[in-house]
Novice: 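Please read through the structure below; I'll follow up with questions.
Values below: every heavy atom of this structure, side chains too, minus hydrogens, waters and symmetry copies. In this text the structure is predicted, and so the values were computed from the model without any measurement.
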Amino acid sequence: MPLIISVVRDEGNNLNGSQAWPRWQPSPMQTAHQYILNPHCLPEDATLIKWASWKMLSDESRDFQSALDVLVCNYARDEHIFLPHHQLVRQVHNLRCMYRIWRQEKLYCQRFPESGLEELPNHVFQDLKRIILYRMRALEMDILDNFWKILEKPQHDRLPLWACVMQVILTYRDIFALNQSEDIGDPLQIQCLTTSLFSNLVVMCEICFGKKKPEAMADDGNPIKRQLNADFRRVEMHRDEFYQGIQDCVTYPHSSTLDRLFCVLLIGSQRGATRSGARASKRAKR
């Protein structure tokens, strides 16, 4: 499934072929042009989300993140609007889709229907990333605001809320790890901000879900809920393996600060509840 992006010639910036498009050499009679995103036809959110959703559902990975992606993606479908907290799940899914595109190291393009694939020019890709980052920030603010409003009240629909909180926690964890290995801005500022947001979400998750593991939705014969419960069971299959991997990592001297927080505040209580049903004590207050 291709992601359709409109580009136009930047007539004021002619370059040689190797700068404009990799592996394309113009003839002596041709002028190579720099291409830029079409400012009058920027990719819509729905287009980006549809493409990233397709990538998620076709991903053959078998791990906690990919299983959670499938659960949230299927829950967020338009036809599932009757499900509890559907709007919040939809926002979180949209954020995850945007982040998945932003996180790509490379994208490949096809300039003409019959031409082969070639790497998308870096300046076009960076422009696309800047647009996506702007939209991610708006989504992030709405999501965090909605989290606190919803979780201030007693909740019976634990599954969608747990999936949303965990999805955003994993996104911040990945941003933190990326910041440690690559130059993506002011490292100290990004680290402090990410740690703060991550900590708040982990505390929130521990307060709301630490005493009792997330549960599948009540089986009322609805085939959609049954499919989502099957998706959730696949998430559960990979959850303890993921938690154990984090616990193993924090034994090293230079382990991630975020992973240590994750272990102390969340993993112990959720794994304990999963295995024995024991009620964990509340160790953190908002």
Side-chain angles (χ1 to χ4, degrees), residues 48-49 52 56 61 63-73 76 85 88-105 129-130 132-151 160-210 214 235 238-239 242-243 245-247 249-250 254-270 283-284 286:
L48 298 171
I49 291 163
M56 288 178 186
S61 300
D63 55 26
F64 182 61
Q65 178 67 81
S66 60
L68 189 62
D69 283 344
V70 171
L71 171 62
V72 174
C73 182
H85 305 299
L88 176 62
V89 177
R90 184 67 175 269
Q91 287 178 320
V92 170
H93 173 61
N94 292 353
L95 178 67
R96 172 65 182 158
C97 286
M98 296 290 185
Y99 181 71
R100 186 171 179 128
I101 299 174
W102 181 86
R103 187 67 164 85
Q104 291 285 132
E105 294 183 1
K129 282 190 170 187
R130 279 189 283 271
I132 289 174
L133 185 61
Y134 175 81
R135 297 176 185 180
M136 283 170 56
R137 286 170 176 163
L139 276 169
E140 178 189 48
M141 292 177 64
D142 290 341
I143 289 167
L144 295 176
D145 185 52
N146 287 336
F147 272 154
W148 286 119
K149 288 179 180 178
I150 291 173
L151 296 176
L161 295 178
W162 176 85
C164 285
V165 174
M166 189 60 64
Q167 188 72 295
V168 180
I169 285 174
L170 294 184
T171 299
Y172 287 144
R173 179 175 180 265
D174 190 62
I175 291 173
F176 185 87
L178 182 63
N179 180 57
Q180 302 300 300
S181 60
E182 298 183 18
D183 181 14
I184 59 172
D186 183 340
L188 183 59
Q189 182 183 17
I190 293 174
Q191 180 176 336
C192 291
L193 180 60
T194 306
T195 302
S196 175
L197 292 169
F198 181 91
S199 302
N200 286 335
L201 281 169
V202 171
V203 170
M204 182 194 306
C205 193
E206 196 277 341
I207 290 173
C208 298
F209 306 109
V235 172
H238 297 287
R239 183 178 55 196
F242 173 71
Y243 285 175
I246 293 180
Q247 288 181 312
C249 287
V250 299
H254 301 293
S255 59
S256 165
T257 304
L258 269 60
D259 284 350
R260 292 198 295 271
L261 283 168
F262 201 87
C263 282
V264 171
L265 294 175
L266 194 59
I267 289 182
S269 60
Q270 288 207 353
R283 293 182 298 278
R286 193 178 2 154

Novice: Is there a donor-acceptor pair closer than 3.5 Å between any side-chain N or O of S66 and the backbone N or O of S61?
Specialist: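 Indeed, once roles are kept as given, a pair shorter than 3.5 Å links the two residues.
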Novice: Compare every heavy atom of Q91 with every heavy atom of L139, then report the nearest pair and how far apart it is.
Specialist: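 Distance-wise, the nearest heavy atoms are CD2-O, 4.1 Å.
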Novice: To the nearest 0.5 Å, tell me how far W102 CH2 sits from T171 OG1.
Specialist: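 Rounded to the nearest 0.5 Å, the CH2-OG1 separation comes to 11.0 Å.
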Novice: Looking at R90 and A76, what are the two nearest heavy atoms and their distance?
Specialist: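 Residues R90 and A76, closest heavy atoms: CD-O, 3.3 Å.
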Novice: My understanding is that only residues two or more places apart in sequence, or in another chain, count here; which of them pass side chain to side chain contact (heavy atoms under 4.5 Å, CB included) with R135?
Specialist: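 Side chain to side chain contact (heavy atoms under 4.5 Å, CB included) list for R135, sorted by chain: L42, D45, L48, M98, I131.
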Novice: Of all the heavy-atom pairs spanning M166 and Y243, show the shortest one and how long it is.
Specialist: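 For M166 and Y243, the tightest heavy-atom pair comes out as CE-OH, 3.6 Å.
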Novice: Does some side-chain heavy atom of R173 sit less than 4.5 Å from a side-chain heavy atom of I246?
Specialist: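 I246 reaches R173 side chain to side chain.
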Novice: Between atom CZ of F147 and atom CG of L161, what is the distance when rounded to the nearest 0.5 Å?
Specialist: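 Answer for the CZ-CG pair, F147 versus L161, is 8.0 Å.
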Novice: Name all residues meeting the side chain to side chain contact (heavy atoms under 4.5 Å, CB included) criterion together with Q167; count only those two or more places apart in sequence or in a different chain, and write none if there are none.
Specialist: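 Q65, L68, D69, V72, V92, R96.
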Novice: List in chain and number order the residues that pass salt bridge (Lys or Arg N to Asp or Glu O under 4.0 Å) with R137, two or more places apart in sequence or in another chain; answer none if no residue qualifies.
Specialist: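 Once residues adjacent in sequence are excluded, R137 has no partner under the salt bridge (Lys or Arg N to Asp or Glu O under 4.0 Å) criterion.
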Novice: Are the side chains of M136 and L95 in contact, using a 4.5 Å heavy-atom criterion?
Specialist: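 Heavy-atom side-chain distance check passes, below 4.5 Å.
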Novice: About how many Å separate CG of L133 and CD1 of I101, when rounded to the nearest 0.5 Å?
Specialist: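 I101 atom CD1 to L133 atom CG measures 13.0 Å (nearest 0.5 Å).
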Novice: Does the side-chain hydrogen bond (donor to acceptor under 3.5 Å, both in side chains) test come out yes or no for Y99 and E140, once each step is laid out?
Specialist: CA-CA 11 Å; Y99 181 71; E140 178 189 48; over 6 Å; no
Novice: Partners of D174 by salt bridge (Lys or Arg N to Asp or Glu O under 4.0 Å), sequence neighbours excluded?
Specialist: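 Salt bridge (Lys or Arg N to Asp or Glu O under 4.0 Å) check on D174 returns R103.
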